[in-house]
2 protein chains.
Amino acid sequence: MSDYKIDDVARETGLTKRTIRYYEEIGLMPAPQRSEGGTRRYARSHIEHLQRVISARDVLGFSLQEIQEYMAYAEELTGQRELYPQLSEPDLQLSKLQEMDGTLELQLRKLDEKIGRILLLKEELEQFRKRVRGGIARLETEQANRTKTDNMEGTES
Amino acid sequence: MSDYKIDDVARETGLTKRTIRYYEEIGLMPAPQRSEGGTRRYARSHIEHLQRVISARDVLGFSLQEIQEYMAYAEELTGQRELYPQLSEPDLQLSKLQEMDGTLELQLRKLDEKIGRILLLKEELEQFRKRVRGGIARLETEQANRTKTDNMEGTES
DNA sequence: TCTAACGTTGACGTTAACGTTATTATGTAG
DNA sequence: CTACATAATAACGTTAACGTCAACGTTAGA
């Protein structure tokens, strides 16, 4: 059984040990197995989980709170059906799924909006860059001309 | 001269008055003119500035610290247009422009990476949603069948 | 001119997201 | 078995990014 100590996880994820324990503490991460003495023994899945958390945090700019909700849905979907014995009431399950669908749609719309705004910003930066490059080109030809003139003067004297 | 009071700015930007003053305090925003009595009088440019700040904060997930640097840089870029014909040392200007070009390229690459990762996440969410919708469909047909059976039993009795 | 609504400056409060000890227990190389 | 690195818990500290409250001055409309 390949398992990792907290320091290994820290190295692989780039998080600090404190942060890893913190994420477990606030329920952002499933609590890992413990050794006889109480040392945390992480599995590969924990590392992958953390990487998804990091991605949501850095790329999407979600708060840990938001990530928690997002992750909860994700977990439920990819579903450890064994850990959670099946819900016996289909009605309840149906409304839950419908709620999830709504939330997902909302998230997707937010993502689209975000992408749109990033593209706008990108456009702006590209315009800037065009100008800058234009300026560079002009200055370079000017300099070339000046150099040529200098050379001619040099040969003349 | 069209000028705005802080409450107008708040309404137009969606920020609170406190936040607007805070942004000025930490130098994220140029200090506006003041009336005789000390009331802040904002110009259009302040609002636009704030909108760029908000965009960088929300869309790019920059910290206010990072935004400050980014903004300083952007100012320099737009400022460059006006300063441009006046600078007397073309060599100095050339290297500066080249540096800018490099920075812009870097920023653009970062943006592309960010977009890519967001698209990945979007893909994932769409997969999730597919599953959820599949589950909903299944439960709904099940329920429909159950209702039909109930009806038949009802008519039988 | 009066006054209600709005603005200003402190200054302290709050929350998220960790950092930093300190103390004590655990795991492991020799 | 021992020493020494590593881990755990607990608890207090910190920083960013504002919120909130108090006390007081300013503006604008009837």
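A, B, ... follow the sequence lines: proteins, then strands. Residue 1 opens every chain. Values in this document were obtained by computation on a predicted structure and should not be read as measured data.
Separating the CZ atom of A/R34 from the C1' atom of C/dT26 is a distance of 12 Å, rounded to the nearest angstrom. Following rounding to the nearest Å, A/E25 (CD) and C/dC18 (C1') show an atom-to-atom distance of 10 Å. Protein atom CZ of B/R18 is 12 Å distant from nucleotide atom C1' of D/dC21, rounded to whole Å. Rounded to an integer number of Å, the gap from A/I20 CD1 to D/dT9 P is 14 Å. B/D3 places its CG atom 12 Å from the P atom of D/dT27, with the value rounded to the nearest Å. As rounded to whole Å, 10 Å separates atom C1' of C/dC18 from atom CD1 of A/I26. If you measure from atom CD of B/E24 to atom P of C/dG7, you get 14 Å, rounded to the nearest angstrom. Atom CZ of B/R21 and atom P of C/dC6 are 13 Å apart (whole Å).
Residue order along DNA chain C, read from the 5' end via each residue's closest nucleotide, puts A/Y23 first among A/R41 and A/Y23.
Heavy atoms of A/R40 sit under 4.0 angstrom from primed sugar atoms or phosphate atoms, though from no base atom.
Taken to the nearest 0.5 Å, the CG atom of B/L119 stands 4.5 Å off from the CD1 atom of A/I115. Note that CD1 of A/I47 and OH of A/Y42 are 10.0 Å apart. Values are rounded to the nearest 0.5 Å.
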Review item, nucleotides 3-5 of chain C N/O atoms under 3.5 Å of protein N/O:
none

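Of the candidate nucleotides C/dT28, D/dA8, C/dG19, C/dG19 has the atom lying nearest to any side-chain atom of A/T19. The side chain of A/Y22 approaches C/dC18 more closely than any other nucleotide in the set D/dC18, C/dG27, C/dC18.
In this structure a side-chain-to-backbone donor-acceptor pair under 3.5 Å is present from B/T13 to B/V9. Side chain of B/H49 to main chain of B/L28: a donor-acceptor pair is present (N/O by atom type, distance under 3.5 Å, no hydrogens or angles). Not one N or O on the side chain of B/Q33 forms a donor-acceptor pair closer than 3.5 Å with the backbone of B/D3. Panel note: side chain B/S55, backbone B/Q51; no donor-acceptor pair is recorded below 3.5 Å. In this structure a side-chain-to-backbone donor-acceptor pair under 3.5 Å is missing from B/K5 to B/R41. Under the 3.5 Å distance criterion, the side-chain polar atoms of A/E66 are matched with a main-chain donor or acceptor of A/S63. With A/T147 contributing its side chain and A/Q143 its backbone, the two residues share a donor-acceptor pair below 3.5 Å. Formation of a donor-acceptor pair under 3.5 Å by the B/K114 side chain with backbone atoms of B/L60 is found in this model.
Residue B/R57 has a polar side-chain atom (N or O) positioned under 4.0 Å from OP1 or OP2 of D/dC18. Here B/T16 reaches the OP1 or OP2 of D/dG19: one of its side-chain N or O atoms lies under 4.0 Å away. A close approach under 4.0 Å does not occur between any side-chain nitrogen or oxygen of A/T39 and OP1 or OP2 of C/dA25. In terms of phosphate contacts, B/K17 brings a side-chain nitrogen or oxygen within less than 4.0 Å of OP1 or OP2 of C/dG7.
Within residues 61-69 of chain B, no residue approaches DNA chain C, by heavy-atom distance under 4.0 Å.
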